[in-house]
Amino acid sequence: MGSLNALRRGSLLTVLLLFALLSLLLLVILAIVDYALQTQAFPGALAIVVGLALLFILVQWLISPAIVRWAIRDRRAITAETNPWVYRTVEELARQAGVPTPKVWESGDASPNAFVFGRTISSAELVVTRGLLERLNQDEIRAVLAHEIGHLRHRDVIIMTLMSAVPLIAYVIARLGFEALRGNVRARGKGAGQAYIIIIASAIVSYAVYLVAQLLVLYLSRTREYYADAYSGAATRDPHLLASALTKISYGLSLARPDAEPSGLRAFMIGDPVKAEDDYRELQDRMSRYDLDRDGQLDAYELQKAVEQERKSPWRRANELFGTHPPTYKRILVLEEMEEEIKKGGLPPNIYQFV
């Protein structure tokens, strides 16, 4: 429960920091506009800048689901007739989470992945790829679906849209300032030099706010992924299932339970969609690199070796800082920690107050 409370505090602190940055930016703009209006250089500047930013955000919010839907390759609806098990599982998980059942799509993408999108929780849509349905077993698929339903329960579709607006507003303002300078905006009178300084300063401050806010949004996104992982572990009562799914998605191997006996060879976005293609290309290499005994699974020793190799990557910190998802090995370790807590004391009756 301590880890879950830490996740909630981290998310809340990040949201507060983002709003603080937005407030600081608006205060700077108000000072600039106040000066500009005194010189009669840019009448109505605040209304124009903020209005354009909000209009852009509104248009993006309205059309983004259609764009995402259009981009889904070989999209087809999953219904009670086309895939009864997936449809019924999503219904059950949504009922358990207390959220409306999203519309479910299957993508023809061969890489294993899943994600949710939409303007609101009630209009949300869930996508699973053909690769996910073919490569994972039913328990692992259910854990992945629970993770995505966790995003809906946590209102991540709304939260991330609102928080992403902060760096967007800062970027629009910064671009307006830089474009004004590039367009040789003329300021007349005694305060002409001051006007140029204010325009330059506002553009630089806005761009700095954009960079910091973007990093905070990425951190918030990674935090929400951990939070959705925790929900999946609680909803399925078995965090190992999602850990195994993540291992199979990233390494092409199942994750053996710590107390399991060797059984020989057997038989995204849940992962960062930007990095999924590159990770998939390395799948065969990772399988041979980490599966030391060639039994088709990662046992505790092999997982430890895989984690050590991932940690040694010279680009790990940079990739993590600019990633929308945490490193897979970190998510697996957190889920294993949650599994140990469940084994020791079980899940508390009020677990859904935390996840």
Side-chain angles (χ1 to χ4, degrees), residues 1-5 7-8 11 77-106 112-129 132-133 136-160 223-246 248-249 255 257 268-271 325 331-332 334-355:
M1 293 306 99
S3 299
L4 292 177
N5 278 325
L7 285 175
R8 296 177 74 176
S11 293
I78 291 180
T79 66
E81 290 74 31
T82 60
N83 194 325
W85 181 82
V86 170
Y87 185 82
R88 185 175 63 252
T89 300
V90 172
E91 273 191 330
E92 292 173 355
L93 290 170
R95 191 182 311 114
Q96 182 180 1
V99 298
T101 302
K103 187 170 185 178
V104 188
W105 299 97
E106 179 184 341
N113 216 332
F115 60 94
V116 288
F117 67 96
R119 298 189 192 96
T120 62
I121 303 303
S122 58
S123 65
E125 302 177 42
L126 189 156
V127 179
V128 293
T129 65
L132 185 87
L133 298 179
L136 275 62
N137 62 43
Q138 286 192 345
D139 287 337
E140 292 166 341
I141 293 171
R142 188 172 188 274
V144 171
L145 294 175
H147 171 97
E148 301 304 329
I149 293 297
H151 279 308
L152 297 182
R153 177 180 171 85
H154 301 152
R155 305 295 190 263
D156 288 338
V157 171
I158 299 172
I159 291 173
M160 293 309 300
T223 303
R224 306 308 288 183
E225 290 299 323
Y226 282 126
Y227 204 20
D229 287 350
Y231 177 81
S232 175
T236 60
R237 294 297 196 269
D238 191 350
H240 175 85
L241 296 177
L242 183 61
S244 181
L246 290 171
K248 190 175 289 185
I249 290 170
L255 182 64
R257 293 185 183 274
F268 173 150
M269 316 199 121
I270 190 69
H325 290 59
R331 297 171 68 181
I332 293 171
V334 170
L335 287 164
E336 286 198 331
E337 180 182 339
M338 186 177 181
E339 184 179 11
E340 287 300 316
E341 291 181 1
I342 292 175
K343 286 181 179 179
K344 291 177 181 178
L347 290 173
N350 63 341
I351 182 65
Y352 286 105
Q353 293 180 14
F354 298 92
V355 298

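Just so we're clear, the structure is a prediction, and the values are computed from it rather than from any experiment.
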Quiz prompt | Rounded distance (nearest 0.5 Å) linking atom NE2 of His240 with atom NZ of Lys343 | solution = 9.0 Å
Self-check item: Atom of Asn137, atom of Lys248 and distance for their closest heavy-atom approach
Solution: N-NZ, 4.2 Å
Quiz item: side chain to side chain contact (heavy atoms under 4.5 Å, CB included) between Ile141 and Thr89: does it pass, once the steps are laid out?
Solution: CA-CA 9 Å; Ile141 293 171; Thr89 300; over 6 Å; no
Exercise. Determine yes or no for a side-chain-to-main-chain donor-acceptor pair under 3.5 angstrom, with Arg142 supplying the side chain and Asp139 the backbone.
Key: no
Practice problem: Give, for atom CD of Glu92 and atom CZ of Arg95, the distance between the pair rounded to the nearest 0.5 Å. | Solution: 6.0 Å
Quiz item: Do you know the tightest heavy-atom contact between Phe117 and Val127?
Solution: CE2-CG2, 3.7 Å
Quiz item: Knowing that exactly one of Val334, Leu242, Ile332 qualifies, which makes a side-chain contact (heavy atoms from CB on, under 4.5 Å) with Asp229?
Solution: Leu242
Exercise. Could you tell me the separation between the CG atom of Leu152 and the CG atom of Leu126, rounded to the nearest 0.5 Å?
Key: 7.0 Å
Exercise. Return yes if some donor-acceptor pair links the side-chain N/O of Thr236 with the main-chain N/O of Ala143 below 3.5 Å, else return no.
Key: no
Quiz item: Atom CG in Leu133, atom CH2 in Trp85: separation rounded to 0.5 Å?
Solution: 8.0 Å
Quiz item: Are the side chains of Arg224 and Ile159 in touch, meaning some heavy atoms are under 4.5 Å apart?
Solution: yes
Quiz prompt | For the student: nearest non-hydrogen atoms of Pro84 and Thr82, plus distance | solution = CD-C, 3.9 Å
Practice problem: Kindly indicate, with the supporting measurements, whether the criterion side chain to side chain contact (heavy atoms under 4.5 Å, CB included) is fulfilled by Asp238 and Glu339. | Solution: CA-CA 7 Å; Asp238 191 350; Glu339 184 179 11; 4.3 Å; yes
Quiz item: Which is it for Glu140 and Ser244 under the side-chain hydrogen bond (donor to acceptor under 3.5 Å, both in side chains) test, yes or no, and what are the steps along the way?
Solution: CA-CA 7 Å; Glu140 292 166 341; Ser244 181; 2.6 Å; yes
Self-check item: Ile249 side chain near Leu132 side chain, heavy-atom distance below 4.5 Å
Solution: yes
Quiz item: To the nearest 0.5 Å, what is the distance between CG (Leu246) and CD (Glu225)?
Solution: 9.5 Å
Practice problem: Quick one: closest heavy-atom pair of Val116 and Glu148, and the distance? | Solution: N-OE1, 3.6 Å
Practice problem: Would you indicate whether the side-chain heavy atoms of Thr101 and Val90 approach each other to under 4.5 Å? | Solution: yes
Exercise. Could you check whether the rings of His154 and Tyr227 sit parallel, tilted or perpendicular, using 30° and 60° as the cut-offs?
Key: parallel
Quiz prompt | Taking every non-hydrogen atom, the tightest pair across Thr129 and Pro112 | solution = OG1-CA, 3.5 Å
Self-check item: Heavy-atom side-chain proximity of Ile149 to Gln96 below 4.5 angstrom
Solution: no
Quiz item: If you take all heavy atoms of Pro100 and Ile121, which pair is closest and at what distance?
Solution: CD-CG2, 3.9 Å
Practice problem: Check step by step if side chain to side chain contact (heavy atoms under 4.5 Å, CB included) holds for Glu125 and Val104. | Solution: CA-CA 6 Å; Glu125 302 177 42; Val104 188; over 6 Å; no
Quiz item: After noting the C-alpha distance and the side-chain angles of Trp105 and Ile78, does the key distance pass the side chain to side chain contact (heavy atoms under 4.5 Å, CB included) rule?
Solution: CA-CA 5 Å; Trp105 299 97; Ile78 291 180; over 6 Å; no
Quiz item: How long is the gap from CG on Asn83 to CD on Glu106, to the nearest 0.5 Å?
Solution: 7.0 Å
Quiz item: Mind checking whether His151 and His147 have parallel, tilted or perpendicular rings, split at 30° and 60°?
Solution: perpendicular
